[in-house]
Number of protein chains: 2
Amino acid sequence: MKADTPRIEEYLESIYKLQQDEHPVTTSRLAEHLKLSAPSVSEMVKKLAQKKLVNHTEKGVCLTQEGNRIAKKVIRRHRLSERLLTDILGFRWDEVHDEACRLEHAISPEMEKHIEESLGNPKTCPHGFPIPDENGVIAKEKLRPLSELKASDKGIIVSVFEEDPKMLQYLATLGLIPEVCVRVEEVAPFGGPLIVCVSGSRYALGREVASKIKVK
Amino acid sequence: MKADTPRIEEYLESIYKLQQDEHPVTTSRLAEHLKLSAPSVSEMVKKLAQKKLVNHTEKGVCLTQEGNRIAKKVIRRHRLSERLLTDILGFRWDEVHDEACRLEHAISPEMEKHIEESLGNPKTCPHGFPIPDENGVIAKEKLRPLSELKASDKGIIVSVFEEDPKMLQYLATLGLIPEVCVRVEEVAPFGGPLIVCVSGSRYALGREVASKIKVK
DNA sequence: ATATAGAGTTAGGTACACCTAATAAACGGA
DNA sequence: TCCGTTTATTAGGTGTACCTAACTCTATAT
Ligand SMILES: [Mn+2]
Ligand SMILES: [Mn+2]
Ligand SMILES: [Mn+2]
Ligand SMILES: [Mn+2]
């Protein structure tokens with residue numbers, strides 16, 4: 001019942017993602033994430049507010065119920081696309097983001113269903129994020145960032161919140177991918193790196209990137 | 001080396017398809033095929049001519065070398081998409097056209113390669129049309145329209161040039177799909193229907209649709 | 001207190017791809 | 001030959017989504 005353009009979908013998707021961390025979603029963060037100029041985003045956010053898809057206050061942009069509903073549909077198509085690309089077409093997990101970011105706007109509800117069934121109803125994307133079901137319901141788990149573990153704590157990697165292909169490829173070579181068990185050997189003081197142990201090997205890992213890895 | 005928009009791709013694709021039959025590609029035929037107003041097409045064709053993608057003469061619109069090259073790339077992505085949809089995602093042949101028509105603009109060269117390999121280098125789309133290789137080379141076969149066969153002539157269906165889902169579904173129920181052997185029992189006079197025999201059953205088939213079925 | 005940096009918006013403009021209404025040209029009968 | 005239909009174009013206009021330049025705040029830093 002909505003005539004949303006690919007661009008509107010893209011904005012809502014970005015806002016949804018930026019909402020995941022604690023920081024408020026400012027127009028400048030949005031502009032940076034979408035690689036657009038600040039005025040372009042300012043203007044578009046105004047339109048989204050008119051369409052009642054977001055609320056724009058001093059504290060930043062946030063999705064309305066309806067905006068959230070649409071965002072989750074886009075995310076669903078994005079994550080199903082990623083799974084199609086990795087599981088069936090043989091892409092690596094670091095190659096799928098941009099591809100999926102275009103596919104997600106070209107996929108009909110029928111294709112969504114077909115992908116889901118052909119893949120055997122996957123629960124997550126290749127980076128470990130839950131795929132919303134057709135009603136937009138997302139499985140939530142209580143997770144901790146790897147960066148918050150103490151020395152000798154163990155955890156199983158659930159998700160890796162990172163879009164940069166280079167970094168994803170690097171993490172894959174270390175074996176830091178979902179489902180893998182990781183143990184923190186040592187935490188350097190003053191915000192220094194963590195020494196982690198994964199499948200027998202020991203690596204130093206920056207706090208920044210460790211905070212993007214969620215474990216359970 | 002070209003910054004083509006999805007719309008330009010779509011026009012070139014349509015022109016290519018309309019060139020397949022003998023009639024000249026007029027702007028009105030194009031408008032009808034693209035479901036756009038005549039002036040819109042007139043204007044866009046002018047732009048395509050400026051970009052040296054088509055020549056526009058009294059005899060109609062025709063693709064330049066470069067226009068042809070791009071058109072074949074789009075067709076390649078379209079047909080590979082269709083194969084992905086039918087062979088892997090379980091779509092029927094009558095459901096894939098519109099879906100593929102959107103996907104073809106969202107597929108990178110890498111994805112193209114991945115699809116091709118995952119499908120085992122298919123030679124044709126589900127409707128029997130050849131998939132251009134990565135250099136734009138298309139396998140050409142000498143084919144006859146089913147409508148030109150005489151009584152008691154036999155042939156193997158190679159392709160079905162039809163986009164209407166209803167008609168495709170109907171033809172599938174009759175078993176009139178690529179690879180199938182068909183025999184003409186009788187040809188009604190005055191442009192009337194053909195009586196064809198396919199896998200043991202006999203059907204009457206209009207000239208119009210029979211001319212879209214190519215056999216070898 | 002004043003200067004400066006940062007964040008956000010307004011103003012003004014462009015490219016793209018569509019539309020309807022009006023006009024022109026060509027064609028095929030009667 | 002004239003007339004009406006088909007075919008194509010011109011003219012004028014819209015909505016979407018982007019841009020740069022200029023302006024307005026506000027929150028520091030000196
Ligand atoms: Mn996206
Ligand atoms: Mn993902
Ligand atoms: Mn198309
Ligand atoms: Mn086809």
Side-chain angles (χ1 to χ4, degrees), chain A residues 2-15 18-19 21-63 66-67 70-71 74 98 101-102 104-106, chain B residues 2-16 18-19 21-63 67 70-71 74 98 101-102 104-106:
Chain A
K2 217 58 213 322
D4 290 310
T5 66
R7 296 315 294 160
I8 288 181
E9 291 187 344
E10 201 63 26
Y11 274 81
L12 296 178
E13 185 193 19
S14 282
I15 295 166
L18 294 178
Q19 277 186 347
D21 65 38
E22 65 279 9
H23 310 295
V25 182
T26 61
T27 53
S28 44
R29 280 185 78 207
L30 249 185
E32 193 197 348
H33 190 253
L34 288 163
K35 298 187 198 333
L36 295 173
S37 72
S40 300
V41 173
S42 220
E43 192 176 29
M44 183 59 120
V45 165
K46 208 191 297 169
K47 276 189 209 143
L48 295 177
Q50 266 164 26
K51 288 180 189 281
K52 307 257 191 250
L53 299 174
V54 303
N55 288 127
H56 193 188
T57 68
E58 320 76 52
K59 311 206 61 80
V61 179
C62 83
L63 295 171
E66 175 67 1
I70 296 171
V74 179
D98 290 1
C101 224
R102 268 173 290 116
E104 71 198 6
H105 310 294
Chain B
K2 218 57 214 321
D4 290 311
T5 66
R7 295 315 294 162
I8 288 179
E9 291 188 344
E10 201 61 28
Y11 275 82
L12 296 178
E13 185 193 19
S14 282
I15 295 165
Y16 186 95
L18 295 178
Q19 278 186 346
D21 65 37
E22 64 279 9
H23 310 294
V25 181
T26 60
T27 54
S28 45
R29 280 185 78 206
L30 249 185
E32 192 198 347
H33 190 253
L34 288 164
K35 298 187 201 330
L36 295 173
S37 72
S40 298
V41 173
S42 221
E43 191 176 28
M44 183 61 120
V45 165
K46 208 192 296 171
K47 275 189 210 142
L48 294 178
Q50 266 164 27
K51 287 179 189 282
K52 308 255 191 251
L53 299 174
V54 303
N55 288 127
H56 192 189
T57 68
E58 321 76 51
K59 312 207 61 77
V61 179
C62 82
L63 295 172
I70 297 171
V74 179
D98 290 0
C101 223
R102 269 172 290 115
E104 70 198 5
H105 310 294

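FYI, side chains are in, hydrogens and waters are out, and symmetry mates aren't considered; it's all heavy atoms of this structure. All chains are named by letter (A, B, ...) in the order of the sequence lines, taking the proteins before the strands, and each is independently numbered beginning at 1. Note that this is a predicted model, so its numbers are computed, not measured.
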State whether B:K46 places a side-chain N or O below 4.0 Å from either non-bridging phosphate oxygen (OP1 or OP2) of D:dA8.
no
Spacing of B:D4 atom CG relative to C:dA17 atom C1', expressed in whole Å:
15 Å
Between B:S40 and C:dC18, is there a side-chain N or O to OP1/OP2 distance below 4.0 Å?
no
Looking at A:S42, I'd like to know whether one of its side-chain N or O atoms comes within less than 4.0 Å of OP1 or OP2 on C:dT10.
no
A:L36 CG - D:dT20 C1' separation (whole Å):
14 Å
Is the phosphate of D:dC18 approached by A:S37 (side-chain N or O, under 4.0 Å from OP1 or OP2)?
no
Nearest listed nucleotide, side chain of B:K47, among C:dT9, D:dT16, C:dA17
C:dA17
At less than 4.0 Å, is any side-chain N or O atom of A:Y11 found next to OP1 or OP2 of D:dC18? Yes or no.
yes
A:R29 has an atom CZ; how far is it from atom P of C:dG6, in whole Å?
18 Å
Does A:R7 place a side-chain N or O at less than 4.0 Å from the phosphate oxygens OP1/OP2 of D:dC18?
yes
Spacing of B:M44 atom CE relative to C:dA15 atom C1', expressed in whole Å
12 Å
Restricting to non-hydrogen atoms, name the atom on B:L12 and the atom on B:G67 that form the minimum distance, rounded to 0.1 Å.
CD1-O, 4.1 Å
Would one find a side-chain N or O of A:H56 under 4.0 angstrom from OP1 or OP2 of C:dG8?
no
Check the distance between D:dA17's P and A:E9's CD and give it to me in whole angstrom.
11 Å
Does B:P39 or B:E43 map to a spot on DNA chain C nearer the 5' end, using the closest nucleotide for each?
B:E43
Minimum-distance pair of heavy atoms, taken over all atoms of B:Q19 and B:V61:
NE2-O, 4.1 Å
Below 4.5 Å, heavy atoms only, C-beta onward: do A:I8 and A:K47 meet side chain to side chain?
no
Atom-pair distance (CD1 on A:I8; C1' on D:dA17), nearest Å
10 Å
Between D:dT16 (P) and A:L53 (CG): distance, integer Å
13 Å
Say whether, by atom type as modelled, one donor and one acceptor occur between the side chain of B:R7 and the main chain of B:M44 under 3.5 angstrom.
no
May I have the distance from A:L30 (atom CG) to D:dA17 (atom C1'), rounded to whole angstrom?
15 Å
Answer yes or no: does a side-chain N or O of A:T27 lie under 4.0 Å from OP1 or OP2 of C:dG8?
yes
I'd like to check B:L48 versus B:I15 (side-chain heavy atoms, cut-off strictly below 4.5 Å). Are they in contact?
yes
